Amino acid sequence: MTVMPMLVGGEWREALSGRVEEITSPFDGAVVATVPRAGVDDAGAAVTAAEVGAVIWRRTPAHERMRILLRAAQLIEDRAEPIAQTITAENGKTIREARVEAGRSGELVRLAAFEGAHLYGQTLPLDAAPGTGFDKIGFTVRQPCGIVLAITPFNYPALLALHKVAPALAAGNSVVLKPAESTPLAALAVAACFVDAGLPAGVLSVVTGHGDEIGDVLVADRRIRKISFTGSTEVGERISRHAGVKKLSLELGASCPVVILPDADLEQAASAVAAGGYANAGQVCTSVQRVVSHPAVLGDFLDALVPKVEAIQTGDPALPDTAMGTLISTAEAKRVQHAIAEAVAGGARVLTGGERDGSILAPAVVVGVDPASPFSQNELFGPAVAVSAAIDWESAIAQVNGTRYGLSAGIFTTDVVGAVRAIREVDAGSIHINWTPLWRADLMPYGGLKGSGIGKEGPRWAVAEMTEEKTVVLHGRPWAAEPAEGEQR
Ligand code: NAD
């Protein structure tokens, strides 16, 4: 069995307590590897190492940081296949999906490396302030925050770790990464690429442990200046209560909608929903959870959608033909199955799917869902799409904006009028016209409104949030044709 140590202060080591955690496959329960189960003492040691790392790294010029990051990007690409295998083994997503995730990872590091070399400031037109002349010059400089705490979820264990680690390092911060307890192996695998690329000791640590054991102590640590968290809204709220005076980026939960207007291309909409509702077994923050359709096209839309959903082949995620793998655990599959049953008890109807086999849940389409029900309102994070009708734009927008979340949304229409109105009125961090909310280019700004979070990821935005701006004013003296009384010139 593989024993994977964690990374603290440049050393690959066990937990100080010696405790270990088995990482098991959600598909068959096989033990994939063991990792240390870090305690609060390990968490503290990682932050202490990061204090040293932060000093070394902020004194490392941007061109040198970029060189190391570009080397790490190349190593991630060289190791993409083993990283993909690791993702599938620990997470249960299909090998096809894992290869896409691993395949995007190197390029993401490259993008971040580039942004870290562009820490521009601004000159300030101080003479525009009444009473100020040309004797002063003002400008801003950016500097790294110091120590960044990155806390990541299970669903994209490599990519979402890199969306934090790469911009943080590119901007000159040291990082303590706490990956999800169920999927630490991919995070350790990508961290090894930075170490092998020559990152100095202490600049990156990866602490493998449980959020409810080491989360609070890390979050409250005053030596940390910036927390970048991706995960559930509940944990995000807890972090914001415990963090104290720190910069916070929170990428949280969602219940993402799609609107089908009467003039939509229904075939395109059905294909897109069949992809965007079930990728990663619905465990994507931007998964299509709700479809709000005009009643005139609802029947035709469902006729197009259901066969496509039924064609999604579930099974062993390691097999190349499997299109949908497992949920992260059997308990999660049971939770989603239960949520579907509750929706049915509330008057909804299952058109297809919903049967469970261990941690695999057949992809489901559920119609007639009450928009006010928990099935619509709470994040589902599973392979089911809730469909409801809205007779006009006003009732559609009320449904779309009628949850606590606001991460991403999709609108299908062939009319620019509907598109413009949606862009203006939908409260979501991303809006996709003629696609579903589940679409991301790693370079774009990405982050939610309302309960879906605070701040943006995407290398350019993450680098901005992981640096601090200082205002500098050079105070000269007013100069005049004649020296002032008593002044030597
Ligand atoms: P989670 O909130 O259970 O866990 C996320 C991370 O937080 C894990 O590393 C966990 O160990 C840690 N954690 C738990 N308790 C903590 C505490 N008290 N202090 C500090 N850290 C703690 O989320 P999950 O189940 O791993 O992931 C699914 C969630 O992530 C969903 O809600 C999903 O929408 C969200 N997500 C959001 C985005 C986005 O970009 N908005 C992207 C992916 C996932």
Side-chain angles (χ1 to χ4, degrees), residues 21 23 26 35 37-38 40 43 90-93 101 149-164 176-184 186-187 206-221 224 227-244 246 248-256 279-289 327-329 331-332 335-336 378-382 403-409 428-430 437-440 442 444-458 461-462:
E21 173 96 14
I23 304 304
V35 294
R37 182 158 174 166
V40 292
E90 68 178 348
N91 171 283
K93 73 172 68 176
E101 179 176 350
L149 171 61
I151 305 178
T152 50
F154 71 82
N155 61 333
Y156 284 87
L159 202 62
L160 292 183
L162 288 173
H163 262 291
K164 302 182 184 312
V176 175
L177 168 64
K178 206 230 59 77
E181 42 267 51
S182 53
T183 57
V206 185
V207 193
T208 54
H210 284 235
D212 57 4
E213 292 174 5
I214 59 172
D216 286 354
V217 74
L218 278 170
V219 164
D221 194 312
I224 289 166
I227 298 175
S228 178
F229 171 77
T230 300
S232 60
T233 298
E234 290 65 33
V235 174
E237 282 174 347
R238 184 180 175 94
I239 286 172
S240 57
R241 283 196 302 273
H242 281 70
K246 292 189 178 71
L248 284 186
S249 298
L250 302 173
E251 301 285 342
L252 308 178
S255 170
C256 293
N280 226 10
Q283 301 165 115
V284 190
C285 50
T286 51
S287 265
V288 182
Q289 180 170 332
L327 279 89
I328 189 64
S329 64
E332 276 295 283
R335 179 188 61 76
V336 178
N378 300 338
E379 180 175 50
L380 185 68
F381 227 56
T403 73
R404 67 191 289 218
Y405 299 113
L407 185 57
S408 187
S430 303
L438 193 147
W439 195 91
R440 180 177 195 177
D442 290 306
M444 71 190 205
Y446 186 90
L449 310 185
K450 296 159 63 183
S452 289
I454 302 170
K456 296 281 182 213
E457 286 199 335
W461 289 266

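A quick note: this is a predicted structure, and the numbers were derived from the prediction, not measured. Order of appearance sets the numbers: ligands from 1, and atoms from 1 within every ligand.
Partners of E21 under the salt bridge (charged side-chain N to carboxylate O under 4.0 Å, His left out) rule, at least two apart in sequence or in another chain, are R37. With sequence neighbours excluded, the residues satisfying side-chain contact (heavy atoms from CB on, under 4.5 Å) with S452 are A254, Y405, L407.
Nearest to atom 5 (C) of ligand 1 by heavy atom, out of T286, T230, V219, is T230. The heavy atom nearest to atom 38 (C) of ligand 1, out of those in C285, S255, G211, S182, is found in C285. For atom 43 (C) of ligand 1, the choice among N280, T183, N155 with the nearest heavy atom turns out to be N155. Across E379, E234, K178, K456, heavy-atom proximity to atom 32 (O) of ligand 1 is greatest for E379.
Protein heavy atom closest to atom 12 (C) of ligand 1, with residue, atom name and distance, is I151 CG2, 3.6 Å. Among all protein heavy atoms, the one lying closest to atom 24 (P) of ligand 1 is F154 CD2, 3.7 Å. Looking only at protein heavy atoms, the nearest one to atom 35 (C) of ligand 1 is G231 O, 3.2 Å. Ranking the protein heavy atoms by distance from atom 2 (O) of ligand 1 puts S232 OG, 2.6 Å first. When only non-hydrogen protein atoms are considered, atom 27 (O) of ligand 1 lies nearest to P153 CB, 3.2 Å. Regarding atom 6 (C) of ligand 1, its nearest protein heavy-atom neighbour is T152 O, 3.5 Å. Nearest protein heavy-atom neighbour of atom 28 (C) of ligand 1: F381 CE2, 3.5 Å. In this structure, atom 11 (O) of ligand 1 lies nearest to the protein heavy atom E181 OE1, 2.4 Å.
Near A180, with a cut-off below 4.0 Å to any heavy atom, the atoms of ligand 1 are 8 (C), 9 (O). Interface atoms of ligand 1 facing D216, defined by a heavy-atom separation under 4.0 Å, are 18 (N), 19 (N). Every atom of ligand 1 is numbered from 1 in the order shown, and the set under 4.0 Å from a heavy atom of Y446 is 40 (O). Taking every heavy atom of L160 and a limit of under 4.0 angstrom, the matching atoms of ligand 1 come to 42 (C), 43 (C). Taking every non-hydrogen atom of G253 and a distance limit under 4.0 Å, the qualifying atoms of ligand 1 come out as 32 (O), 34 (O). Contact atoms of ligand 1 toward R238: 18 (N) (distance under 4.0 Å to a heavy atom of the residue). Using a 4.0 Å cut-off to heavy atoms of P179, the atoms of ligand 1 that qualify are 9 (O).
Heavy-atom distances between G448 and ligand 1 stay at or above 4.0 Å for every pair. Residue contacts with ligand 1: G453 is excluded, as none of its non-hydrogen atoms falls under 4.0 Å. Judged by the shortest distance from any of its heavy atoms, F229 lies inside the 4.0 Å radius around the atoms of ligand 1.
No hydrogens or angles considered: nothing links the side chains of S249 and K164 as a donor-acceptor pair under 3.5 Å.
In this structure, atom 15 (N) of ligand 1 has a protein heavy-atom contact shorter than 4.0 Å.
Residue L250 holds its CG atom at 4.5 Å from CD1 of I454, rounded to the nearest 0.5 Å. Rounding to the nearest 0.5 Å places OG1 of T152 at 9.0 Å from CZ of F229. Rounding to the nearest 0.5 Å places CG of L159 at 5.5 Å from CD of E101. Here the straight-line distance linking atom OH of Y156 with atom CZ of R440 works out to 9.5 Å at 0.5 Å rounding.
A salt bridge links E237 with R404: the closest approach of a Lys/Arg side-chain nitrogen to an acidic carboxylate oxygen falls below 4.0 angstrom. The pair R241-E234 fails the salt-bridge criterion, with no side-chain N (NZ, NE, NH1 or NH2) lying under 4.0 Å from an Asp/Glu carboxylate O.
Looking only at distances, no side-chain donor or acceptor of D442 sits under 3.5 Å from a matching main-chain atom of G458. Judged purely by atom type and a 3.5 angstrom limit, K178 uses its side chain to pair as donor or acceptor with the backbone of G209. Checked by atom type and distance alone, the side chain of Q289 pairs as donor or acceptor with a backbone atom of L380 at under 3.5 Å.
Between L327 and P26, the closest heavy-atom pair is O-CB, 3.4 Å.
Within the 4.0 Å heavy-atom criterion, the part of L407 lying near ligand 1 is the side chain and not the backbone.
Cation-pi contact between K93 and F154: absent, since separation from the ring centre below 6.0 Å together with deviation from the ring axis within 45° is not met.
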